[in-house]
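Remarks on the structure that follows.
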Amino acid sequence: MKRWLRTIFILMVFFFTAPQNALAAQLLIPGGQLVGLELTNDTVTVAAFDDSCGAAAREAGLQIGDQLLSVNDREVTSAEDVRRALRDCADTVSLTVLRGSKKIGLTLAPARTNEGKRLGVYLRQGIAGVGTVTFYDPESNTFGTLGHGVNDSGGNLLKSSEGRACDASVASVKKGRAGDPGQLRGNADGNAQFGQITKNTPHGVFGESRKGIAGEPLPIASYADVHTGPATIRSTVEGDTVREYSVEIMKIYPEDRPDGRNFLIKVTDPALLKATGGIVQGMSGSPIIQDGKLIGAVTHVLVNDPTTGYGIFIENMLDAAA
């Protein structure tokens, strides 16, 4: 009899504790914070001009954002490759750069410094930008952002799963207008690391953060929970302050839509419309909340109507993060 009672007790403990653990795994802290994202790969890009020795590079036509492909016909995939090529060059150096989809040839005289010959520019290896944190899981210290992947200059998903995220704030806002998408111009603090990036996927960028974010965890919504009608988004459009803004979910698409555009949203909040004109670049990843549940993230804006854009289901982001 005692053995029978002990078995019943064990089963009851399992029955009552298992749902609580399952529920905890479905609770996430919604974000809204702006972060700087840096993903490394084998591309070398001009990030800025040196104030003291960058004049020749400017005059030669080099531009911020140009991707260096070769120096004196030697392929370069890192800043060290560039330095080695400059050590062997004469008084002038020929560059091949990728600007948009065009390859351009340039010639310039490298600056002579105490450290050797220099192009007079600061180089960045990989791709950098800003995005908005969608969620933070305090149990696993993981976070997600963007709701879409980071692409290379050719429009393909960047083949990189390494990088870092750092704290950022909004420096200025370019308001969105029909035919002209707006943008959050951010200042990223490279010394204030938010976390390490571990995945770049078509449905979001994910990583680990010991710093994390504070806030009340919310349950995640299933596809069946999401419906047309009022909702809110959390985003940062001024300084580093997260605010909540009203939106309307206009239409819901199939859950398995491959492009991650799972529902149509329209900004209805007067304050956000005044500040940004609607959805702008940098707001990608802004968490969307409906009926007290985290349902997804802002991903894209309609170019001809900046008040309207798309969101991705949180379930699809979590599947990509797994």
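Bear in mind the structure is a predicted one, so any value in this text is a computation, not a measurement.
- Residue pairs meeting the side-chain hydrogen bond (donor to acceptor under 3.5 Å, both in side chains) criterion with at least one member in residues 176-192, sequence neighbours excluded: Lys174-Asp180.
- With sequence neighbours left out, Asp269 forms a salt bridge (charged side-chain N to carboxylate O under 4.0 Å, His left out) with no residue at all.
- Note: the hydrophobic cluster containing Tyr310 does not contain Ile249 (ILVMFWY, side chain heavy atoms under 4.5 Å, direct or indirect links).
- The ring-ring contact (aromatic ring centres under 6.0 Å, His included) pairs that include a residue from residues 50-104 number zero, where partners must be two or more places apart or lie in different chains.
- With Asn200 contributing its side chain and Val150 its backbone, the two residues share a donor-acceptor pair below 3.5 Å.
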For residues 311-322, dump all side-chain donor-acceptor pairs below 3.5 Å to protein atoms at least two apart in sequence or in another chain.
residue	atom	partner	partner atom	Å
Glu315	OE1	Tyr223	N	3.3
Asn316	ND2	Glu255	O	3.0
Asn316	ND2	Asn262	OD1	3.0

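- Residue pairs satisfying the ring-ring contact (aromatic ring centres under 6.0 Å, His included) criterion with at least one member in residues 43-72, sequence neighbours excluded, are absent.
- Under the salt bridge (Lys or Arg N to Asp or Glu O under 4.0 Å) criterion, the residue pairs touching residues 215-230 are Asp225-Lys293, with sequence neighbours excluded.
- Evaluation of the salt bridge (Lys or Arg N to Asp or Glu O under 4.0 Å) test over residues 273-289, restricted to residues two or more places apart or in two chains, returns none.
- Taking every heavy atom of both residues into account, Gln125 and Thr77 meet most closely at NE2-O, 3.3 Å.
- No side-chain donor-acceptor contact under 3.5 Å links Thr96 to the backbone of Leu69.
- Evaluation of the salt bridge (charged side-chain N to carboxylate O under 4.0 Å, His left out) rule for Arg99 yields Asp66 as partners, not counting sequence neighbours.
- At a threshold of 4.0 Å, the pair Glu244-Arg234 counts as salt-bridged, since one of the basic side-chain nitrogens sits closer than that to a carboxylate oxygen.
- Taking Asp42 as the reference, nothing meets the salt bridge (charged side-chain N to carboxylate O under 4.0 Å, His left out) condition, with sequence neighbours excluded.
- Residue pairs that meet the ring-ring contact (aromatic ring centres under 6.0 Å, His included) test with at least one member in residues 85-124, sequence neighbours left out, do not exist here.
- Within the structure, ring-ring contact (aromatic ring centres under 6.0 Å, His included) contacts touching residues 123-148 (residues at least two apart or in different chains) are Phe143-Phe194, His148-His300.
- Residues meeting the salt bridge (charged side-chain N to carboxylate O under 4.0 Å, His left out) test with Arg58, sequence neighbours left out: none.
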